[in-house]
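Here is the structure we will look at, set down as structure tokens.
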Number of protein chains: 2
Amino acid sequence: MGKGKVDIRDVAALAGVSVGSASRVINGVENVSPETRDKVERAIAILDYRPNHTAQALRSRSSKTIGCLFTDVTNPLYARLFRSLEERLRKDGYMLLLANGLNDAQRETETLALFARRGMDGVIAAPGNETDAQVLAALQALAMPVVVLDRDIAAPGCDALLFDHAAGMKAAMAELFAQGHQRIALALWRASSRPVRRRIEGYRAAYKAAGLRAPDMLVQAASATASVFADVDALLKRADRPTAIVAQGTYTLGSTLRAIEANGLRVPQDISVVTIGDSDFARDHSPSISLLNVDAQRVAEGIAMLLHSRMTDPGQPGRSERVPLQFTDRGSIGPAPRP
Amino acid sequence: MGKGKVDIRDVAALAGVSVGSASRVINGVENVSPETRDKVERAIAILDYRPNHTAQALRSRSSKTIGCLFTDVTNPLYARLFRSLEERLRKDGYMLLLANGLNDAQRETETLALFARRGMDGVIAAPGNETDAQVLAALQALAMPVVVLDRDIAAPGCDALLFDHAAGMKAAMAELFAQGHQRIALALWRASSRPVRRRIEGYRAAYKAAGLRAPDMLVQAASATASVFADVDALLKRADRPTAIVAQGTYTLGSTLRAIEANGLRVPQDISVVTIGDSDFARDHSPSISLLNVDAQRVAEGIAMLLHSRMTDPGQPGRSERVPLQFTDRGSIGPAPRP
DNA sequence: CTGAAAGCGCTAACAG
DNA sequence: CTGTTAGCGCTTTCAG
């Protein structure tokens, strides 16, 4: 038979009950007699009835949909997060609307407004720009629960899930210090985004905590996809070249490794390497590159918790949840070479 | 003022017109006098009115939403496609619901049913399994336009957008033949998915078309993320080792390059390399690896076209659109070495 | 060109 | 526990 032609009234009629009772059964409400439930369920089965989600959403004021605004799904981190989020939220009956912000404030503002118009039950946002007034205003204007993802945005009533970059960085540095490394380079890109800022902070804090002076070995690529080959190459040609290097992101890591190779150095005998972020390329490398990254499932769990908590108590003050960065040793680090 | 509190009746009241007229203005219907339009627009601006999308969807039977069922967004190809699709469909006012199939037939079936219940205006599906009866049935059962993405699924009334793997493969092979290569290896993974099948077909067809016998140089990894190091290594140690190799996917390419390196061979002097798929790692490699891949924008354009075409004429027979694989020479191929 | 009225399909009061 | 009824906010006939 045709699609969507059968509605709740047909079900009620066939079951010989009122639409109200049919609705109760469909929604698993408590106060329904077993017989009624049975009759309705039978009718549903016979008619192959599927509730119209749009009508449910309009009437119940709940779309069972979460809007995700990520900078770019093409970034493996967001792709992994999305997958975990979908997995987690699907359990609660939610589906996800996904939109890329692409570092375009206007686009992000529009997207947030659309989420509002579409009555999302919640919004998860990682805008590219943390300070754009329009974006901040759009975020504030949202009436539904909002979780800001790893951005330093203090919007009253907004919850945030933050990655603990600094602590992760310090942990990785501690590993390297323990192996006798003192000249550790850090390669990432030039941006004022929270991840970059926090990692540099952690890097410096680690030196300070170790009672050492941070060397002048910070390399910042022009963009996330730019090469740091030249800068790292120059670093490696110095007399006091680094004995270890921490590289954030696939491109940075790739060009770092090429520079190492070009200088005839071996990993980890001559230089230790740690990467931050996604593991695809890093894991497949030889040797496999030790890694600092975030557990997507844990992030999803944290977001689900924040969302749920605010749904049940909308008035509570903004919370922020922290997820650690995990260090995985995979054989690309070794003792610092003797001078 | 509060969110969503102002509705179309408030607008109509303030504008001094009927709800019907307000609606006409909102929807840009033709037959509206300039004055009415003006009054309504003014009222909208004053009240900061935003139409409730859910109510619009229920009444107009159009959700302005497209459901995407991809195998896994973590796959860079799908991530890129999603981005292009969002970009393209956003122009027409659509937002995208994204779900990962994860090669789980039941999950895919459920997702398609949910798309139906939620009244998607269209569905774009790339199921992991092309032959699962449940999935096929769920696909057929959809009342809205469906575009199957690069899968050999012949569902009556379903349109398909297919990548022309075989032709692309032949083009790449032609490049290699032209440089004198005769022993060309192909490394990919073991799967019966359309992409893998078609590429092997193209590989064999290219040899046939060149009047050559295909050598026994087909390497199939256990999975897309498994290493082909051992197999390629063995191949390279043969007296009649390949002078060129085509590798599909980042992992396959990575382990192929390592095997080449381990055998002391240089690219492209000793061996030429072509990769298929995403370019992230390949582009950053030294030398940059020549590539065979699909233009995501073109794919998005094709899908939008198929969707639009079927929306305007639902009765038309199933169509399939082909998108070529483009070959990009980037310096990892050279003349076949003299024996 | 505009207003009035009738729902889209469903849930949530509210009586009973 | 169940039936009845009133809408959710909007679009779309249908008259005028």
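Reminder, nothing fancy here: chain letters follow the sequence lines and each chain counts from 1. Just so it is clear, the values below take in all heavy atoms, side chains as well, and ignore hydrogens, waters and symmetry mates. Owing to the predicted nature of the structure, the values given are computational and were not obtained by experimental measurement.
At the phosphate of D:dT4, neither OP1 nor OP2 sits under 4.0 Å from any side-chain N or O atom of A:R24. The phosphate of D:dC10 (OP1 or OP2) has no side-chain N or O of B:Q56 nearer than 4.0 angstrom. Residue A:T36 has a polar side-chain atom (N or O) positioned under 4.0 Å from OP1 or OP2 of D:dT2. In this structure, A:R117 does not reach the D:dG9 phosphate: none of its side-chain N or O atoms is under 4.0 Å from OP1 or OP2. Side-chain nitrogen and oxygen atoms of B:R61 include none within less than 4.0 Å of the OP1 or OP2 phosphate oxygen of D:dC10. In terms of phosphate contacts, A:S21 brings a side-chain nitrogen or oxygen within less than 4.0 Å of OP1 or OP2 of D:dG3.
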Inset, instruction - Begin with the C-alpha distance, continue with both residues' side-chain angles, and end with the deciding distance and a verdict on side chain to side chain contact (heavy atoms under 4.5 Å, CB included) for B:V40 and B:V17. - result: CA-CA 8 Å; B:V40 173; B:V17 301; 3.8 Å; yes

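With the nearest nucleotide of DNA chain D identified for both B:L58 and B:G20, B:L58 has the one nearer the 5' end. With the nearest nucleotide of DNA chain D identified for both A:R37 and B:A55, A:R37 has the one nearer the 5' end.
When only modelled atom types and interatomic distance are considered, A:S18 and A:R9 share no side-chain donor-acceptor pair under 3.5 Å. Of the N and O atoms on the side chains of A:T65 and B:R118, at least one donor lies less than 3.5 Å from an acceptor on the other residue. Counted by atom type alone, A:D313 and A:S309 present zero donor-acceptor pairs between their side chains at under 3.5 Å.
You won't find any donor-acceptor pair under 3.5 Å spanning the side chain of A:R50 and the base of C:dG9, going by distance alone. For A:R59 against D:dG7, a side-chain N or O and a base N or O form a donor-acceptor pair under 3.5 Å.
Of the candidates D:dT12, D:dC10, D:dC8, the closest approach to any side-chain atom of B:S23 belongs to D:dT12.
As rounded to whole Å, 12 Å separates atom C1' of C:dC1 from atom NZ of B:K39. Rounded to whole angstrom, the span from the CZ atom of A:R9 across to the P atom of C:dT11 amounts to 12 Å.
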Legend entry - Watson-Crick and G-U pairing of DNA chain C, under 3.5 Å, as dot-bracket with | and [ ]: ||||||||||||||||

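The pair A:R50-A:D48 meets the salt-bridge criterion, since a charged nitrogen lies less than 4.0 angstrom from a carboxylate oxygen. Residues B:R88 and B:E301 are paired through a salt bridge, judged by an N-O separation under 4.0 Å between the basic side chain and the carboxylate. A salt bridge does not link B:D121 to B:K64: none of the charged nitrogens lies less than 4.0 Å from a carboxylate oxygen.
Counting heavy atoms of neighbouring residues, nucleotides and ligands inside a 6.0 Å radius, atom CZ of A:R298 does not exceed 12 of them. Shown here is A:Q316, whose CD atom has more than 12 heavy atoms of other residues, nucleotides or ligands within 6.0 Å.
A heavy-atom distance below 4.0 Å to DNA chain D is reached by these residues of residues 25-35 of chain A, ordered by number: A:N31, A:V32, A:S33.
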